[in-house]
2 protein chains.
Amino acid sequence: MDHRCEHDAAASVGLKGSALAQALDQAGSRCDSDGQRLTAPRRRVLELLLGAEGPVKAYDLIAAFGVDGEAAKPPTVYRALEFLERQGFAHRIESLNAYVACRLGADTHAAAFLICDCCGATREIEPAGADVLVASAGRDGFVVTNLTVEAHGLCAACRAS
Amino acid sequence: MDHRCEHDAAASVGLKGSALAQALDQAGSRCDSDGQRLTAPRRRVLELLLGAEGPVKAYDLIAAFGVDGEAAKPPTVYRALEFLERQGFAHRIESLNAYVACRLGADTHAAAFLICDCCGATREIEPAGADVLVASAGRDGFVVTNLTVEAHGLCAACRAS
DNA sequence: GCTGGAAGTGTTATGAAATAACATTACATC
DNA sequence: GATGTAATGTTATTTCATAACACTTCCAGC
């Protein structure tokens, strides 16, 4: 989204150094125990997402992929993103065409996002009220397998200024 | 979304003839009283959306725009869509990159969608539980201006077969 | 009725996002 | 070490959306 203000509210701080390494190792372990493989490109994309301060566009990942500054081919990154989403390590934010590392750590889960249209800060939250919607849909015979909840608006910091 | 089954569940029947004309006139009246203009291209795009049986891709609108079969230029349709969304006559479905006419008639409102990944049927519903989410966000100082809720899954018909 | 500004449209071109298709390589397991 | 599956590499293309600028329409105020 377009940043209309100058606040650089870093809602989710990017991981660095040992914290980053630890998060990656955790992801690796979880893949192992799930019979999945956190291969090099997948690990690299997750690393980029975890290190970022907010949602990242696919083509920014593509550009940043190579440690030497060399870009990846689009399918490389899109495949990795698909895997990371499937495993619950990352989420796609539909209304931004962007991707974030999952910050709630739990297993595959429904996610919701608060997206400040002013500073761009994006916070992942538990989707309050989702159970109500799923139940309501269920009464109509509709089974929800995947739920997208994205709330745009203004964060506290941007409202204050 | 890809239709994986053969059900052609028409969740929202496309309007035709006098029903369509009436819906368009109603939209025109509401624009008048709101100081807005339902110009020719806007009216045409709304007509296409109302006549469709489900979500429509922007480039399908572009292709179908000319009554003589001639395509429109992309900005023509995208501008019209932007207007229709702003006025609450249409919604964009982020997870499909597609657009639908609003079926709930009310003024600008939050919308939610149940999208069957099998037959493609898409139903607009009142976003049950949205109040909970908005309230929850509000407690954190976040003011929601726009809410996207899209539930993917299986509709009753597709589950049955 | 002229005029000036805002809103809307037409048009060309381009940018951004995502995937199709097919060749090749890694990896487990038998 | 043969075999099948999963994952990756690579080229090309398709799909989705907007930038930029010229032109027209509409209407409020003179």
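Naming convention: chains lettered A, B, ... in sequence-line order (proteins, then strands); numbering from 1 in each chain.
- In this structure the side chain of B:L49 reaches within 4.5 angstrom of the side chain of B:L61, judged on heavy atoms.
- Between the CG atom of A:L24 and the CZ atom of A:R43 there is a distance of 5.0 Å, given to the nearest 0.5 Å.
- One atom, OH of A:Y78, and another, P of C:dA20, lie 13 Å apart when rounded to the nearest Å.
- Residues A:F89 and A:C31 form a side-chain contact, since some pair of their non-hydrogen atoms from C-beta on lies under 4.5 Å apart.
- Rounding to the nearest 0.5 Å gives a distance of 12.5 Å between CD of A:Q26 and CG of A:L38.
- You'll find the side chain of A:I125 stays beyond 4.5 Å of the side chain of A:L104, heavy atoms only.
- Boundaries of the chain B contact region on DNA chain D are D:dC16 to D:dC26, first to last in 5' to 3' order (nucleotide atom under 4.0 Å from a heavy atom).
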Q. How does protein reach along nucleotides 5-14 of chain C, written 5' to 3' as B (base within reach of a heavy atom under 4.0 Å), S (only sugar-phosphate), or - (no contact)?
A. ---SBBBB--
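- In the model, A:T148 has no side-chain atom that pairs as donor or acceptor with a side-chain atom of A:E94 under 3.5 Å.
- Contact annotation: the side chain of A:P41 never approaches that of A:R79 to less than 4.5 Å [non-hydrogen atoms, C-beta and beyond].
- The residues A:E82 and A:R86 are annotated as salt-bridged, a charged nitrogen and a carboxylate oxygen being separated by less than 4.0 angstrom.
- One interatomic measurement links the two molecules: CD of A:E94 to P of C:dA17, which rounds to 13 Å at whole-angstrom precision.
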